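What follows is a short report on a single structure.
What you see is a predicted model; the values in this text were computed from it and never measured.
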Amino acid sequence: ELENRVLERTRELENALMVLRKREHELKESEELFRRLIEASPIPMVITDSEGNIEYLNFSFVNTFGYTMKDLPNVEDWWPLAYPDEEYRKKVKDEWFNRVNMVINNNTLFEPQLAKVKCKHNEQLDIEFNLAIIGDKHLVTFHNLTEYFQIENALQQSEKKFRRAFETASHGMILASLEGEFIMVNDAICNLLGYSEHELLNKNFRDITHKDYIQEDEENVQRVLA
């Protein structure tokens, strides 16, 4: 009976060991798949432990910022490299840890943070940071918004130039919606028609068109739109 019990217990341990090895193999496969996905991601990513040790940088991170694992063994090495200005570094660092503590203490999602980052090749990028805490691992993602801000700034500059040209034009100009409502008027059209800017912006093209020409003008507008 004792031998039978020993044999039965041995079989149970062998089965448990087989299950454990299978789970370990599945875990390794899952981890490898996770790493391949991160490595193939076009978004720069970093994995750290809860102590701030950097365990992994994907190719996109190295390609974007130029820093490698040799440059960044720990998160503390990131701050002076990315933010050489001491005052700005303190501001970004304080804001980062405040947001991280909010996630940890209140079990909330990380609120994305914006900051300017200096790359290894001295280029400065506008980056949006995000964080996901998975167990004792921290996954940080970096979204490069530099081109977006450059386009936005160019559009703002273009709008300013257009507005200056519009407002200072010597001939009367009106910007209207497709429905004929006035959106912008310049000083020249106000002087020409005798209305103030406020008065004109509360009118449409029908209000300043002689009744004998309204139908013809509306037909012309529809023809242009078509």
Side-chain angles (χ1 to χ4, degrees), residues 41-45 60 63-65 82-85 87-96 98-100 102-103 106 108-119 121-132 140-226:
S41 171
I43 299 173
M45 294 183 180
S60 184
N63 189 50
T64 300
F65 300 108
Y83 315 102
D85 182 82
E87 185 177 346
Y88 186 65
R89 183 195 317 150
K90 184 180 184 307
K91 177 184 175 183
V92 174
K93 194 173 181 179
D94 289 347
E95 185 178 348
W96 170 263
N98 284 338
R99 296 184 186 216
V100 171
M102 285 285 289
V103 173
N106 301 331
T108 58
L109 293 176
F110 184 85
E111 182 180 349
Q113 178 182 353
L114 282 170
K116 292 186 177 295
V117 173
K118 178 181 174 294
C119 301
H121 41 273
N122 290 325
E123 184 181 3
Q124 185 169 270
L125 302 178
D126 293 290
I127 300 295
E128 180 186 75
F129 302 85
N130 218 322
L131 169 70
V140 185
T141 58
F142 306 76
H143 295 267
N144 188 354
L145 301 181
T146 307
E147 186 176 352
Y148 166 79
F149 284 132
Q150 288 173 345
I151 293 172
E152 185 179 48
N153 182 62
L155 286 173
Q156 289 175 352
Q157 295 302 318
S158 177
E159 184 181 354
K160 286 179 181 178
K161 290 180 181 178
F162 165 75
R163 187 177 291 274
R164 282 198 299 270
F166 183 89
E167 291 174 347
T168 59
S170 59
H171 51 285
M173 297 178 70
I174 294 173
L175 180 66
S177 68
L178 295 181
E179 292 74 30
E181 304 298 327
F182 295 163
I183 299 171
M184 284 176 62
V185 296
N186 68 354
D187 289 341
I189 195 67
C190 292
N191 295 332
L192 181 66
L193 300 180
Y195 292 107
S196 68
E197 180 182 2
H198 177 74
E199 288 173 326
L200 271 180
L201 289 178
N202 285 284
K203 296 182 181 298
N204 58 51
F205 88 94
R206 297 172 189 82
D207 296 326
I208 63 170
T209 303
H210 191 280
K211 62 181 181 180
D212 292 345
Y213 297 96
I214 287 181
Q215 183 177 349
E216 181 182 347
D217 278 7
E218 285 184 337
E219 289 173 356
N220 284 335
V221 169
Q222 293 305 317
R223 185 160 49 252
V224 170
L225 293 177

Exercise for review: Start with the C-alpha distance between N153 and F149, add both sets of side-chain angles, then the distance that settles side chain to side chain contact (heavy atoms under 4.5 Å, CB included), and finish with yes or no.
Suggested key: CA-CA 6 Å; N153 182 62; F149 284 132; over 6 Å; no
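- For the atom pair CD (Q215) and OG1 (T209), the distance works out to 13.0 Å, reported to the nearest 0.5 Å.
- Salt-bridge formation is detected for the pair R206/E218: a Lys NZ or Arg NE/NH1/NH2 atom is positioned less than 4.0 Å from an Asp or Glu carboxylate oxygen.
- H210 places a side-chain N or O within donor-acceptor distance of the main-chain N or O of D212, the cut-off being under 3.5 Å.
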Exercise for review: Could you check L131 against V100 for side chain to side chain contact (heavy atoms under 4.5 Å, CB included), going step by step and ending with a plain yes or no?
Suggested key: CA-CA 8 Å; L131 169 70; V100 171; 3.7 Å; yes
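- Separation of atoms CZ (R164) and OG1 (T168) is listed at 8.5 Å; rounding is to 0.5 Å.
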Point to revise | Test log, rule side chain to side chain contact (heavy atoms under 4.5 Å, CB included), inputs I208 and L193 | key: CA-CA 9 Å; I208 63 170; L193 300 180; 3.9 Å; yes
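- Side-chain contact between F129 and V117: present, with at least one pair of heavy atoms (C-beta onward) separated by less than 4.5 Å.
- The main-chain N or O of D94 is found under 3.5 Å from a side-chain atom of N98 such that the two form a donor-acceptor pair.
- Evaluated for a side chain to side chain contact (heavy atoms under 4.5 Å, CB included) with Y195, the options E197, H198, E199 yield exactly one hit, E199.
- The local environment of OH in Y148 is sparse, with at most 12 non-hydrogen atoms from other residues, nucleotides or ligands closer than 6.0 Å.
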Practice item. Please test K91 against E95 for salt bridge (charged side-chain N to carboxylate O under 4.0 Å, His left out), starting from the C-alpha separation and ending with a verdict. Key: CA-CA 6 Å; K91 177 184 175 183; E95 185 178 348; over 6 Å; no
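- Counting only heavy atoms from C-beta outward, the side chains of F110 and N130 approach each other to under 4.5 Å.
- Looking at N186, its side chain does come within 3.5 Å of a backbone N or O of H171 through a donor-acceptor pair.
- Look at D85 and R89 and you find no salt bridge, because none of the NZ, NE, NH1 or NH2 atoms lies under 4.0 Å from a carboxylate O.
- Summarising the geometry, atom CD belonging to Q222 is positioned 12.0 Å from atom CG belonging to D217; distances are rounded to the nearest 0.5 Å.
- Under the 4.5 Å side-chain criterion, counting only non-hydrogen atoms from C-beta, L145 is not in contact with I127.
- With rounding to the nearest 0.5 Å, the separation of CD in E147 from CG in L125 is 11.5 Å.
- With no hydrogens or angles considered, no side-chain donor-acceptor pair links T108 and N106 at under 3.5 Å.
- Nearest approach of V185 to C190, heavy atoms of both residues: CG2-SG, 4.1 Å.
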**Study point:** From CA spacing to verdict: side chain to side chain contact (heavy atoms under 4.5 Å, CB included), L192, I189
**Key:** CA-CA 5 Å; L192 181 66; I189 195 67; 4.0 Å; yes
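- Aromatic ring orientation, F65 versus F142: perpendicular (interplanar angle above 60°, classes split at 30° and 60°).
- Contact between S170 and A188 at its shortest, heavy atoms only, is O-CB, 3.7 Å.
- Taking both residues in full, the closest heavy atoms of Q113 and V92 are given as NE2-O, 3.2 Å, listed atom of the first, atom of the second, then distance.
- For the pair H143 and I43, the tightest heavy-atom approach, listed with the atom from each and the gap, is CE1-CD1, 3.6 Å.
- The aromatic rings of F162 and F166 sit tilted relative to each other, their planes meeting at an angle between 30° and 60°.
- Here the options are K161, K160, E159, the test is side chain to side chain contact (heavy atoms under 4.5 Å, CB included), and the partner is R163; only E159 passes.
- Summarising the geometry of L200 relative to F182, their closest heavy-atom pair is O-CD1, 3.1 Å, with the distance given to 0.1 Å.
- Between Q124 atom CD and K116 atom NZ the span is 5.5 Å, to the nearest 0.5 Å.
- Distance check, rounded to the nearest 0.5 Å: CG of N204 to CD1 of I183 gives 12.0 Å.
- Aromatic pair W96/Y83: centroids not less than 6.0 angstrom apart.
- Of all non-hydrogen atoms in T64 and P44, the two that sit nearest each other are OG1-CG, 3.5 Å.
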